[in-house]
Protein chains: 8
Amino acid sequence: MSQEEMVALAQQLQKGELPLNDFVERIRSMNSVAKLEHASLDLDRQRRCGYPEVVFAEGKSVATLKQIFDRLLKENVSIFATRVSAEKATQLLPNCPGLRYNEQARTLRLGVTQRARTGHVMVVTAGTSDLPVAEEARETLDWMGVSCEVIHDIGVAGPQRLLAHVPRLRKSDAIVVVAGMEGALPSVVGGHVACPVIAVPTSVGYGAAFGGLAALLGMLNSCASNVAVVNIDAGFKAGYVAGMIARGKHQNEEAP
Amino acid sequence: MSQEEMVALAQQLQKGELPLNDFVERIRSMNSVAKLEHASLDLDRQRRCGYPEVVFAEGKSVATLKQIFDRLLKENVSIFATRVSAEKATQLLPNCPGLRYNEQARTLRLGVTQRARTGHVMVVTAGTSDLPVAEEARETLDWMGVSCEVIHDIGVAGPQRLLAHVPRLRKSDAIVVVAGMEGALPSVVGGHVACPVIAVPTSVGYGAAFGGLAALLGMLNSCASNVAVVNIDAGFKAGYVAGMIARGKHQNEEAP
Amino acid sequence: MSQEEMVALAQQLQKGELPLNDFVERIRSMNSVAKLEHASLDLDRQRRCGYPEVVFAEGKSVATLKQIFDRLLKENVSIFATRVSAEKATQLLPNCPGLRYNEQARTLRLGVTQRARTGHVMVVTAGTSDLPVAEEARETLDWMGVSCEVIHDIGVAGPQRLLAHVPRLRKSDAIVVVAGMEGALPSVVGGHVACPVIAVPTSVGYGAAFGGLAALLGMLNSCASNVAVVNIDAGFKAGYVAGMIARGKHQNEEAP
Amino acid sequence: MSQEEMVALAQQLQKGELPLNDFVERIRSMNSVAKLEHASLDLDRQRRCGYPEVVFAEGKSVATLKQIFDRLLKENVSIFATRVSAEKATQLLPNCPGLRYNEQARTLRLGVTQRARTGHVMVVTAGTSDLPVAEEARETLDWMGVSCEVIHDIGVAGPQRLLAHVPRLRKSDAIVVVAGMEGALPSVVGGHVACPVIAVPTSVGYGAAFGGLAALLGMLNSCASNVAVVNIDAGFKAGYVAGMIARGKHQNEEAP
Amino acid sequence: MSQEEMVALAQQLQKGELPLNDFVERIRSMNSVAKLEHASLDLDRQRRCGYPEVVFAEGKSVATLKQIFDRLLKENVSIFATRVSAEKATQLLPNCPGLRYNEQARTLRLGVTQRARTGHVMVVTAGTSDLPVAEEARETLDWMGVSCEVIHDIGVAGPQRLLAHVPRLRKSDAIVVVAGMEGALPSVVGGHVACPVIAVPTSVGYGAAFGGLAALLGMLNSCASNVAVVNIDAGFKAGYVAGMIARGKHQNEEAP
Amino acid sequence: MSQEEMVALAQQLQKGELPLNDFVERIRSMNSVAKLEHASLDLDRQRRCGYPEVVFAEGKSVATLKQIFDRLLKENVSIFATRVSAEKATQLLPNCPGLRYNEQARTLRLGVTQRARTGHVMVVTAGTSDLPVAEEARETLDWMGVSCEVIHDIGVAGPQRLLAHVPRLRKSDAIVVVAGMEGALPSVVGGHVACPVIAVPTSVGYGAAFGGLAALLGMLNSCASNVAVVNIDAGFKAGYVAGMIARGKHQNEEAP
Amino acid sequence: MSQEEMVALAQQLQKGELPLNDFVERIRSMNSVAKLEHASLDLDRQRRCGYPEVVFAEGKSVATLKQIFDRLLKENVSIFATRVSAEKATQLLPNCPGLRYNEQARTLRLGVTQRARTGHVMVVTAGTSDLPVAEEARETLDWMGVSCEVIHDIGVAGPQRLLAHVPRLRKSDAIVVVAGMEGALPSVVGGHVACPVIAVPTSVGYGAAFGGLAALLGMLNSCASNVAVVNIDAGFKAGYVAGMIARGKHQNEEAP
Amino acid sequence: MSQEEMVALAQQLQKGELPLNDFVERIRSMNSVAKLEHASLDLDRQRRCGYPEVVFAEGKSVATLKQIFDRLLKENVSIFATRVSAEKATQLLPNCPGLRYNEQARTLRLGVTQRARTGHVMVVTAGTSDLPVAEEARETLDWMGVSCEVIHDIGVAGPQRLLAHVPRLRKSDAIVVVAGMEGALPSVVGGHVACPVIAVPTSVGYGAAFGGLAALLGMLNSCASNVAVVNIDAGFKAGYVAGMIARGKHQNEEAP
């Protein structure tokens, strides 16, 4: 919060234009926002939502990303950025010791969210080409402190590949299912388990896959009752929601 | 072919405007078309395609349908009409003894295509609500003289329902899979069998099912290699293609 | 399982066409499926998924629904059917004592799933017109044995309406947010809480709402990380996923 | 107007083919159009619409743009071109002293529209990635002579970021809200203020953002009554409409 | 605010769970919300946005609408409801003396917003079939206290119809243009005037009009810089935004 | 033109606000517009475009249609209205002697456009269900004074049906091809003739026909070079364009 | 026709499998097709359709194009190829003396269609960025032997630009209107003239222009009756249809 | 199957958590899956489906493809990979002697499926630009051991090109029809033959071809009853389904 803004608010208070309550609330909330040149970091996110703000790197310049990372480090907040191109990563890594780039997931990370590893999430893919999205989910869960295991390439055209894994799937707190093309895997997985399935359509496929639309619509219309869906290729969000469910289940265990 | 048209053609021949070959071909082809007031029946269809023309009743008036049926009877061609509303059927049945209406399939039929029953096709549905489309396929296969068996409601959310039927499915010459919502069943069936799967998306579902679009896209993107697709709710066409495959396989057996 | 099918299987066993293992598995799995005329009930669903099969009534005839309900009663499974029109309900209620129809939710129910009430889910709507979908979610949660509270009409154009409820929302195990038009509410709710938000787009709106498509796309692109989405108007599925999350959190408490 | 055209018109007048009125009107209107090789500049635009024609540079060759700029300079009209690639700008800048390129906004400008700075418009973005579009709006407002302030990155997932700015927003004559992804920010801003909100969807996002379609539909369906929408990424048009509203409010003040 | 809620809050305050500031803010904000059975009326809307909340009647039951109207009357807020079917209006009118139904606009109203008539907005339609949407805009402007004039049927295929009205259009503070089919009229009007044009696409047309989509896309892509767009058939919103612009221009005049 | 408007214009002239030319032009153009309560009839259309204005009846009330017809009669302009429902026709016919309703085409007509019958257009349909659209085209051509012949049901699945008509098609000045479903007929017809083909997609079909979208896209992508397309079900427009081409070809013949 | 094919046909004739007529027809039709490695040139096109086959170069290799051009030269048919990239042109030009590349239109040509220049078509563009498509139309008309004039950049936002050209437009046999963005120009032009307007939507624009979809839909829904539409960016087809109309009008004049 | 997994299963068996049957089935099914780092090869595919798994190379890294090929070679399974870019092929070929790359089809192959050549399929294209997709189908049929012949460029605008080939088409067991743009060819071919037609829409075309959507919709709506459809550009799948039909017809002949 700038000196200037502070004075302006105080003057409003003196003139009676701003009630005392509002003045106090304004101060607090503005202090929870770190204002950079082109960004407003939400430093209050961890308190409200359980995890700090994650940086969406697409469309942000290297300069802006550097400013954001520097500030997060200063505020002692762990860095997690998604959809970072290899080019941007190459420019950012030298400036920020400890930062680690996952080329497949296209994520940048520094630190975890500090808590003990709790809960367990399976991430399964329908095909090998879904790997980058699964990897983004895995990286997210790791950052959240949730234990995670990935099973690749168990799409529905080879049904015995899935059946072999059912017992392990049934022990998961939540399951992330990553699939492109017709996106049928979440329905099939959903019919075998008693936990929520977070389905991620991917842009894998061609022609009438329409960049993931076919898989997205398939998943939204899943006949399995326990399937919720996130955006196309949104490995991060699927991992995040699944991680939140997994941690929720084990909150009480954590305390002691 | 009207007297008038015949004379006109003959005059063109005399004047040298029409080569003899063209004259002869024109006569033959026009005789294979039965011209009604608002319709041109293709009487040559059975010779070319193996089965007579099927009547698409939607958008045709009762009067026109009656004219068509009368002419087909006169030409000794078996009648098969699809997408016939109950209202139209009620008006047509009294006029045409022997005509039979299938209320679920919304088809009208008189006679079969006369050949012995050959080949075998399974029709399976993902859910009970897909029944009318499956029934249209079944009626089509019956009219074609192909043996047919229907299994209802074996969608992917209850996987053991499908597994119980795999041995029977593996004995089929072709399989028609009828499914709405996410349309995942053809992929799963396709992974268990070594015959072509003809997938029919249905308009069963709501919201992002978009009238069958989700199922259609899912089926087109099936990861199973043996799946071809027909139009949404096109039970007739699926039955027809499957029946053609089944008869093809047993053609040699028929001869003796 | 019919006598006929049993004999057929046994004969296959005798002829060595079916290994013993397969024979046994086939018997068990077929016994977990109740075969009706046009439906195959999955009686194993509760064991696998935690809750019995829910009946999707759209596109099913009254006769078929009656057969299904009778069989579920005989199997001692609680009945829960969604998307039941008032007309069908009127015909079904007299035949099935104890069945209860919720006109707004368009659900039919008989019994709960028998377990103690555990977990807590808030259901919030953006506008009063979203009521039927919210009611379907509420009814689902009630059937699952999950405690549920509904807050109506706190859309984003009147922001103080939401703020007043934030403390209560923060105590929920999961939140179902029901919104049509631009579907912005889940993002705003998501930014205030540390639990998963299950967003349901509704077909409320007109013009470029395109039957809920605008809300659906908005929710899928939510900038809040904790938002997963279900189908348009899918109050049942949202309630189901949220209920599953809520019960999961309290599983350990239930035991003693 | 060419000599040739003038003569042709005059001859029509003499032959009585063209009424005197039409002749006069034709002369005047043709003189208000500057005809270049592949362009027809509307020199009457400022009189009719308050501001001169703005050049849409996409799809125009450097040679054509140069011709247009030269003519505008000759006519003493300020130059403002949008959607100018860096490549084109590099080629054009040396030829036209005083021309200024804004790399983020992708605009070229020479001069303002000459009037005193009047009115005030806030431009707010939901995220840092929306910056280029906001910058195009800001540049437009500056060219129009309207005072403008930009607030970055106050999207709905961090609600306190917006609240801190509400008092300033309430003092704006109109507000431009720039947002991608779900496009929820205009609804939330709209609920806090009593001036028109011009919403600009951006192509920021991925997957089901469909190049800005999700944000566009969201904004069109905004539940806030004071929100109007412009094309995806159309920072120029949003700035223009907002600027026109702002100047309109202060027209009377300008006079004295 | 219920007694119960008040006590609960006070207890939180006593236990130190709720800071004093939050307690005070919570009381104030809850008092600005009128909680009905299925609705939360935003009584603070007029203070924040200049006009009270408008009721969207689609999807609301007659009982709920009655509750809302009763409460608004009690709070002394003028009633304005849009998208009210004739059936609902017939049931509501007897219960609420003074309520007036506009059958074409499908609006219900009681009272105006009390201020003097200020500002001027033209509403023009491309064709006679656009009448209901124009009427909704006109009714909205009347309720807002803005003077309004409607010109019907001046679509672009008869260009002289528009030209005759240009001088009057140029005197408007803002113009609402209502058009279906190709939606070209706003561009043409926009090229003649120096005020904002609020374009409303309508669902008038057939085939590739796709329920107003063609007009919507056309308007969003208008080559006229002063055109902003609202939802398909959204006469209310167009009237509202135009009215807000018109009043803004004349605010200073109102004071004395 | 009202007395009031005339005086206003004259006063502007006197004050020097309106140049004499503009004054005169305004008078003339306003006199070519017949202003009704909710419509502005373009009486100058025949002079500019060769045919008088055609009334689009959809969305217009019976009262408005009656006003329009009365005025056209008074102006001695032939009446032609399209997309008139049977209900409206029943109400309008008694009031307007000589008016004739074509139930299939859904058109109302009184008189022709008076000129001698000139030119020849073939209208062909792919299927009997395309009849109403073809009939609208035929009625339009008849009204325009163009000779017209209709051939029904010569879709591409029975290729000899088309071949029989090729010589007649080759003698047409332009051909209107009406087809739903896949809309393939215009391409096939186009490959046989040396005149323009005006293709009309129809909403005949179901499922992925998407209300005529499939046929529309097919026709737009026709590999035949001589195919232009009009809106889905737009029999009127296809007839109009074809009629205009046919008359154009014979203009010189008409004179003597 | 290969020796082999000829023998095979003759043998069928001898065995009585092929009627004499069919044999003769087969010979003739196969001789009218030039079979290359990957292409089948239709040498009969000019006889049937009035103009020889035009080559669509997109997706064809340079080698294939070379083969096609060589054969056309040998058959003494004029070459006209559309959608030729600059890269392909550069490789083809040295091999084929006399071939001319139009870089803007992306066409390759050798010779005209030999007939005298007849008929007149105006090509108008809404904006300068529509130039390449207009140029393709112009090149096509030139190849067809139709006189052509282009007017650039007379879009609807500067209405006087169009009015100045109305007299010339009214003298055209047909008009090609090329427009992107909202595609409103054909409607406005159509309202001023008595000849067919062939509208070409272009992919000029961004955001909700959706690659020309907005313009396409606008043109299909044109309220002007004389507007027919071709594919997005299809300058060739628009030119072709317009040219065919223009030549048709002057056919009789040509004879003497 | 890893040692670890085996032990875990055995322990479950000992503890009575896993029935003996399940234990045995699990062992067998896991042994039919070859687990690589990021892929699970389905080694049981040939037994179930008649042909081994085909590798979809898009989105897979060269390293992963190499692992897969090595394993397939070790398992003595023939290699067939589709959608392999030239870059990947160049890297893979040196490592795998005997591997052959088809640049047009973009396939990699090693070996056939070993069976004798049986059955016959015609592959026809509408235009030369459809070549790569046809080539993928041809390569697939060759790999399956099905005889195949390709006819190029017989699209519907030159109808005699198709007629010349009808006798050969009528002798095919199944026909693959490859077409872009309006996709009309399958309907026309379908009307001439008595075998199934597998239609492949291609992305050939521009503008409203929308990447093959127009052709896809056209084919799905084909009025010919014997047409089934596969994904856009899916030459592989069309070849596969057609090959399966062709082999099915000749199964009995193979035996002796």
Side-chain angles (χ1 to χ4, degrees), chain B residues 42 44-54 56 80 82 119 140 144 166 170 173-174 176 190-201 216-217 219-232 234 236-253, chain H residues 42 44-54 56 80 82 119 140 144 166 170 173-174 176 190-201 216-217 219-232 234 236-253:
Chain B
D42 178 2
D44 194 40
R45 185 73 59 94
Q46 177 140 11
R47 183 189 65 81
R48 290 195 325 275
C49 299
Y51 291 93
E53 195 175 358
V54 173
F56 176 71
F80 188 40
T82 63
T140 302
M144 293 174 88
V166 166
R170 293 183 63 85
D173 293 328
V176 171
H192 281 291
V193 300
C195 71
V197 170
I198 309 301
V200 198
L216 171 63
L217 293 182
M219 290 170 179
L220 285 167
N221 287 286
S222 173
C223 56
S225 309
N226 49 349
V227 175
V229 185
V230 296
N231 194 6
I232 297 165
F236 160 65
K237 199 176 273 188
Y240 191 90
V241 173
M244 198 166 252
I245 294 170
R247 286 203 82 96
K249 276 190 73 169
H250 299 274
Q251 255 168 355
N252 304 336
E253 307 165 16
Chain H
D42 178 0
D44 194 39
R45 186 73 59 94
Q46 177 139 10
R47 184 190 64 82
R48 290 196 325 275
C49 300
Y51 290 94
E53 194 176 358
V54 173
F56 176 71
F80 188 38
T82 63
T140 302
M144 293 174 88
V166 165
R170 293 182 63 84
D173 294 326
V176 171
H192 282 292
V193 300
C195 70
V197 170
I198 309 301
V200 198
L216 171 63
L217 293 182
M219 291 171 179
L220 286 167
N221 286 286
S222 174
C223 56
S225 308
N226 50 350
V227 176
V229 185
V230 296
N231 194 6
I232 296 164
F236 160 65
K237 200 177 272 187
Y240 192 89
V241 173
M244 199 167 251
I245 294 170
R247 287 204 80 98
K249 276 190 74 166
H250 300 275
Q251 253 168 357
N252 303 338
E253 307 165 17

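Throughout, protein chains are lettered first and strands after them, A, B, ... in sequence-line order, and every chain is numbered starting at 1. Here the structure is a predicted model, which is why all the values come from computation and not from measurement.
B:Cys223 contributes atom SG, which lies 7.5 Å from atom NZ of H:Lys237 (distance to the nearest 0.5 angstrom). B:Leu216 contributes atom CG, which lies 8.0 Å from atom CG of H:Leu217 (distance to the nearest 0.5 angstrom).
The nearest pair of heavy atoms linking H:Val230 to B:Val227 is CG1-O, 4.1 Å. The two residues B:Ser225 and H:Val241 have their closest heavy-atom pair at O-CG2, 3.7 Å. Minimum interatomic distance between B:Ala194 and H:Gly50 (heavy atoms only, all atoms of both residues): CB-N, 4.0 Å. Closest approach of B:Cys49 to H:Gly191, counting heavy atoms only: SG-O, 3.6 Å.
Chosen from B:Glu53, B:Arg170, B:Arg45, B:Met219, the residue pairing most often with chain H at heavy-atom distances under 4.5 Å is B:Arg170. The candidate with the highest count of non-hydrogen atom pairs below 4.5 Å against chain B, out of H:Val166, H:Ile232, H:Asn226, is H:Asn226.
Judged as a salt bridge (Lys or Arg N to Asp or Glu O under 4.0 Å), and not counting sequence neighbours, the contacts of H:Asp173 are H:Lys249.
For B:Ala238, no part lies near chain H; criterion is any non-hydrogen pair under 4.5 Å. Within the 4.5 angstrom heavy-atom criterion, atoms from both the backbone and the side chain of B:Ser222 approach chain H. Contacts of B:Phe56 with chain H are absent, with no heavy-atom separation under 4.5 Å from either backbone or side chain.
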